[in-house]
There are 4 protein chains.
Amino acid sequence: MLPSPNQVLLIRTHDKPGLIHTVTGALLAEKANILANHEFVDPIEGMFFMRTEFSGPNQKQSLLATLGKLLPGSHMELRTLERPKIVIFATKEGHCLGDILLRQRFGELDVSIEAVVANHPDLGSLVQDFHIPFFHIPTQENQREEQESQVLKTLSHLPFDYLVLAKYMRILSPKFVETFPLRIINIHHSFLPAFIGANPYAQAYERGVKLIGATAHFVTESLDEGPILAQDVIAVDHTFTKEKLMLNGKDIEKVVLARALRIVFEHRVIVWKNKTIIFG
Amino acid sequence: MLPSPNQVLLIRTHDKPGLIHTVTGALLAEKANILANHEFVDPIEGMFFMRTEFSGPNQKQSLLATLGKLLPGSHMELRTLERPKIVIFATKEGHCLGDILLRQRFGELDVSIEAVVANHPDLGSLVQDFHIPFFHIPTQENQREEQESQVLKTLSHLPFDYLVLAKYMRILSPKFVETFPLRIINIHHSFLPAFIGANPYAQAYERGVKLIGATAHFVTESLDEGPILAQDVIAVDHTFTKEKLMLNGKDIEKVVLARALRIVFEHRVIVWKNKTIIFG
Amino acid sequence: MLPSPNQVLLIRTHDKPGLIHTVTGALLAEKANILANHEFVDPIEGMFFMRTEFSGPNQKQSLLATLGKLLPGSHMELRTLERPKIVIFATKEGHCLGDILLRQRFGELDVSIEAVVANHPDLGSLVQDFHIPFFHIPTQENQREEQESQVLKTLSHLPFDYLVLAKYMRILSPKFVETFPLRIINIHHSFLPAFIGANPYAQAYERGVKLIGATAHFVTESLDEGPILAQDVIAVDHTFTKEKLMLNGKDIEKVVLARALRIVFEHRVIVWKNKTIIFG
Amino acid sequence: MLPSPNQVLLIRTHDKPGLIHTVTGALLAEKANILANHEFVDPIEGMFFMRTEFSGPNQKQSLLATLGKLLPGSHMELRTLERPKIVIFATKEGHCLGDILLRQRFGELDVSIEAVVANHPDLGSLVQDFHIPFFHIPTQENQREEQESQVLKTLSHLPFDYLVLAKYMRILSPKFVETFPLRIINIHHSFLPAFIGANPYAQAYERGVKLIGATAHFVTESLDEGPILAQDVIAVDHTFTKEKLMLNGKDIEKVVLARALRIVFEHRVIVWKNKTIIFG
């Protein structure tokens, strides 16, 4: 449960002595009450990363102005810990979508689901049973651009912070992806970078692996190559057909996606050089 | 997907030479086509366990009669692999219930959910959204007997093969449990035998464990001591409050319960001396 | 502990009705006492795989002759469960080698280590402390052929069933590999097929994965592409430098390699189409 | 690899605003260069925990004096990150002992092993092969006190920071344990609190669990109830006899113990109320 008025300060800057002292001093001066504080220094890259969660008077402008002067050249974000708004993209498989719907319903994920967009009609009845708007925008061969225009048009009427690809089996164009940097989260059904691309379970079957996995990541222009948010695996053996791999894989897909959503929604992630720093 | 006409023969007997040959011979004589075959010999107990899945003419009586003569004194069951009927018991938490409802809806669990019985009204709207009968039978202090009578009366009108306790937070009486031997499956929110009884997450928090778990088991008269069907754990650390333990534990509870249901529904389990032999 | 006189029959053949009955009948006729029996039918490939462990009179020729007539065209092996002889190949890292030495010493692996061959001298003192012959056969740029000749010459004086590559950081030539089909076991420090080839930890670091793994496999002509025997992973995060990944990865490398050796030594593996069927 | 001159400041105190700012200010004033910093606020207990690793001039007295004035009533420790000295206690099983010996030899654990004390002679030859002093101090029925006196006498001639119980199958007396608070580390062969006491594998076998585990913990007066440092599990099934449980359990025992030693040696642990805060 997120206490809604709390704020999160995320800092990414070149490391130098005194950074924590400087930042905590600025927060104290603003009467902020620090609730949780995490830092990470990457000694190889010489970089400093910090996440501070605090309560207190909401003086965003003033705090950012102060910190901007104290830490020139730093990348800083100040986020409010309030319920994020999402739009979910899906295709035919309902396990990830359904799982998010259930978590939302029971308060496991403190999120507002604004709509579900799908390129197939199959999941419409489920979404409707959860009383959430459903937009069926079909895809046709060689018409990705057109379909994406329609999707963008639909999105333009919806408030949202993130797009969640819950087994959306279409590749988004680089142009679409660029429009929402670090705001699109995907679940891929393999332990990336193994089995990039189509049919990872078929690939896993052919290779005869003894583990299958799932990977949640931010979507970037390179397919399945965005910053990784969460991964997990389960053991399998020679008795697993492609269908059984797929069936069992669903259990980790939905759990890994939910884990990723939670850390993103709680502003626990800093991305740098295609990698994630995640403050638990 | 279970091919519905297939059958499963489960045998439990004292080990002696030639058992597999004898059983497979009897099956061949009945024109059965063996699809999968598993045996386990417990050398310490001198026991033999076998599961054979086969297609072919359904001559149950004839086959059991033949085997009964060939293997006198053995425990044998012949089950048909058809969609089982279940009644789900729940209380207030909806993650396990909801997970089963979703899996049923999308064919991940080939099961017929006849009804949901709950001792609190909270989950009624979810169940109704899934178009399944919901019976609210409240519990009151010192009135377990009366409530169980009502539950039994409700059950008497429902066809079912198994009762699934999906976070049903009431202890069933020995009398109730005895009525449905090896037909009641429970999910307990700890890696049993650690943290038996109430509030396992509070116990885990106090003890400062670095793993939390979930255990699915058949219900017997001894609380949380029935034969274990499935278990799993996830890593936790000192930052996990009781609430966070509970929240994260839900992910394994629902997955472990689903795993247990699948092996029970597929007749992959033989129970012996409060332990399970599970043929993958 | 393997009871040394037991035997293992491994069969790989096209599936047809009555196979188990036929094989167990032949074993009974030879007075074999079946201790453990496993079958697997691959319904997609139409293949049947069987492993039978039995005690009784050692009439190998007679049994294989009988089965050869009953199951023409089948692939059959009859192995004795006796302590296998191995030669270990290593380079500079001692954790996998040392782990095998310890397991052998304490009876965790029932194996006879005939010698250690290394292309660097560093591990010589450890091996000598374990009272095992150590052969230092250095590698030089562009002289793989020559070095392999020396290795082969050394091996020609040693009895061995398997070659174990315990972090041997040289690629064996196809010619060398072909000489010992399904007799060379390697441990690769990634969850294959991710991070094939050199420096998998550096690759994992660059990619920012949240899991690292290890894979034990039979060596074939294609680098890191042989049939997989065992795999495992551990969780990592952004605080893991390449060095820390490597350090923590060692724990799974040695455990995964040992697991693979155990199943190979117990003749639990049937290879087919570059995949392994492993009978637990 | 621990850069030896670095220091670690560990603080445990009641939470109040400005603590991080105060501590980092004091460190800056002493010209300390902070390399890694971790804090944890327990909101339920109202407690603040901090670990700071820093390089710079070693002015221990001055720094502790300053902080003592700034944070009266706090628990503070200032440790130097130098190679710790340990004495290992063992009985007959060599897998944990051998694993530590190997890790020390190859630099995986930066530790100095001063001696091995065992109540059985069996492991003497292994220890001698590693060129480390071995003291055989046998135990006899009803003579624990006497044996412990001898052990203490032996220890009195050895420099050591920690005692590591590497499958030492004797219960130490409360008096002995009190002598070395938070300096004795034990590996217990179960996922505590399940299967406390003797023969956990036999207990696990009887219960029919599907997971077995290992737990490393600080030793306190209550058997197997000290603060937990690390835990892990592996999957098992009905085919696991007690012996096979024991054999497979060894793999997690040694890995879990090594993980615990690493975090203790790097001063990453703060104990509070029988629980551990572990700063990764």
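Proteins get letters first, then strands, A, B, ... in listed order; numbering begins at 1 in each.
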What distance do B:Ile20 atom CD1 and C:Ile20 atom CD1 have between them, rounded to the nearest 0.5 Å? 8.0 Å
Applying a criterion of heavy atom separation less than 4.5 Å, what residues of residues 273-280 of chain B form contacts with chain C? none
Output all residues satisfying side chain to side chain donor-acceptor pair (under 3.5 Å) with B:Arg12, sequence neighbours left out; order by chain, then residue number. none
Is it the case that over 12 heavy atoms from other parts of the model lie below 6.0 angstrom from the NZ atom of B:Lys60? yes
Please check if the number of heavy atoms outside B:His14 that lie under 6.0 Å from its NE2 is greater than 12. no
Among C:Val41, C:Val23, C:Asn37, C:Asp15, which has the most heavy-atom pairs under 4.5 Å with chain B? C:Asn37
Please find the pair of heavy atoms, one from B:His38 and one from C:Glu39, that lie closest to each other, and give the distance. N-OE1, 4.3 Å
